[in-house]
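See structure below.
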Amino acid sequence: MGIPVPAEACIITASLYCLKTHHLAIEGVALAAILGAVIGDNFGYLIGRKVGLPLLRKYGSRIGLTEERLILGQYLFHHHGSAIVFIGRFISLLRVFVAILAGACEMAWPRFMLFNALGGACWAGGYALGTYALGKKISEVSGPTGIAIGVLTAIGLVGSAMFLKKNEARLTQKALQEARAEGELSAGPDTQPQGVK
């Protein structure tokens, strides 16, 4: 729900507890982690949908989110929202905000729900079952793997930022043209792009 808590650490700890004590079933931990991830992001989506866009329109310019950038965000979620929601699950900083942004950018809920559930199942289920399967080897694997994932994530974030910076003007023009064509440039928060209803 937008709160940056160490979710991976919670899932790994619970999975190792299952392995060592057998007081919990790993299937239950994996299911709880998946449900928690999916339900939490749905609440985040609803928050973004109900109050996110009006707040961003009112105060977004203070943090660089101009009206044009909000339209660009809606354009990106309209055209690439599925990938953003799914991949965002695996990036710590993005995971905190992607559901709220998806709601604020008016991504269609059924599509959000599908890719949120797929991402949540792969992410939470993968951490829980992967940790359990690795068992005692987790400490050996987590060091180098964690560093590799961190480096790849940093490269991905820098690459994405560079791409957006380089292409922001072009993408913003496309987003503005699409918004004008659909008559939504000054539309309210309940309006959805065509084909997303």
Side-chain angles (χ1 to χ4, degrees), residues 1-52 73 76-161 196:
M1 289 177 56
I3 302 169
V5 296
E8 292 94 341
C10 294
I11 296 171
I12 289 170
T13 302
S15 300
L16 290 175
Y17 179 80
C18 290
L19 179 69
K20 296 293 183 186
T21 66
H22 303 289
H23 290 144
L24 291 174
I26 188 62
E27 298 85 2
V29 169
L31 182 61
I34 292 167
L35 288 174
V38 172
I39 292 169
D41 270 7
N42 273 280
F43 279 117
Y45 175 90
L46 289 173
I47 291 168
R49 186 71 182 213
K50 296 297 180 189
V51 298
L76 291 173
F77 270 96
H78 174 67
H79 291 282
H80 308 290
S82 304
I84 294 169
V85 169
F86 183 83
I87 294 168
R89 173 66 69 183
F90 298 89
I91 302 170
S92 292
L93 291 175
L94 187 56
R95 180 173 60 246
V96 173
F97 300 108
V98 75
I100 293 172
L101 290 173
C105 290
E106 299 173 345
M107 181 179 181
W109 181 79
R111 190 162 59 111
F112 170 81
M113 180 60 183
L114 173 63
F115 287 92
N116 175 45
L118 289 172
C122 292
W123 173 77
Y127 264 103
L129 299 174
T131 300
Y132 190 82
L134 290 173
K136 294 179 183 174
K137 299 283 185 184
I138 192 68
S139 58
E140 297 170 20
V141 174
S142 66
T145 303
I147 291 170
I149 290 172
V151 168
L152 290 174
T153 299
I155 290 169
L157 288 174
V158 169
S160 298
V196 183

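Sequence positions, counted from 1, serve as the residue numbers for this chain.
- R111 approaches S82 most closely through the heavy-atom pair NH1-OG, 3.2 Å.
- Heavy atoms only, all atoms of each residue included: G120 and I34 are closest at O-CG1, 3.9 Å.
- At a threshold of 4.5 Å between non-hydrogen side-chain atoms, the residues V38 and M113 count as touching.
- Contact check for F77 versus L101: side-chain heavy atoms found under the 4.5 Å cut-off.
- One finds the CD1 atom of I100 at 11.5 Å from the SG atom of C105 (value rounded to the nearest 0.5 Å).
- The NE2 atom of H80 lies 11.5 Å from the CE atom of M107; values are rounded to the nearest 0.5 Å.
- Using a 4.5 Å heavy-atom cutoff, the side chains of V29 and Y17 are not in contact.
- The minimum heavy-atom distance linking A128 with I26 is given by the pair O-CD1, 3.6 Å.
- The line from CG of L114 to CH2 of W109 is 10.5 Å long, rounded to the nearest 0.5 Å.
- Atom SG of C18 is separated from atom CD of E27 by 8.5 Å, given to the nearest 0.5 angstrom.
- Taken from OG1 in T21 to CG in L16, the straight-line distance is 10.5 Å, to the nearest 0.5 Å.
- The side-chain heavy atoms of D41 and F112, taken from C-beta on, include a pair separated by under 4.5 Å.
- A distance-only check finds no donor-acceptor pair linking the side chain of Y45 to the backbone of A104 [under 3.5 Å].
- Annotation: side chain to side chain contact (heavy atoms under 4.5 Å, CB included) contacts of L35 (sequence neighbours excluded): L31, I39.
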Set out, in order, the CA-CA distance, both residues' side-chain angles and the distance that settles side chain to side chain contact (heavy atoms under 4.5 Å, CB included) for E106 and R49, then state yes or no. CA-CA 6 Å; E106 299 173 345; R49 186 71 182 213; 3.7 Å; yes

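- Sequence neighbours left out, the pairs with a member in residues 116-125 that pass side chain to side chain donor-acceptor pair (under 3.5 Å) are R89-N116.
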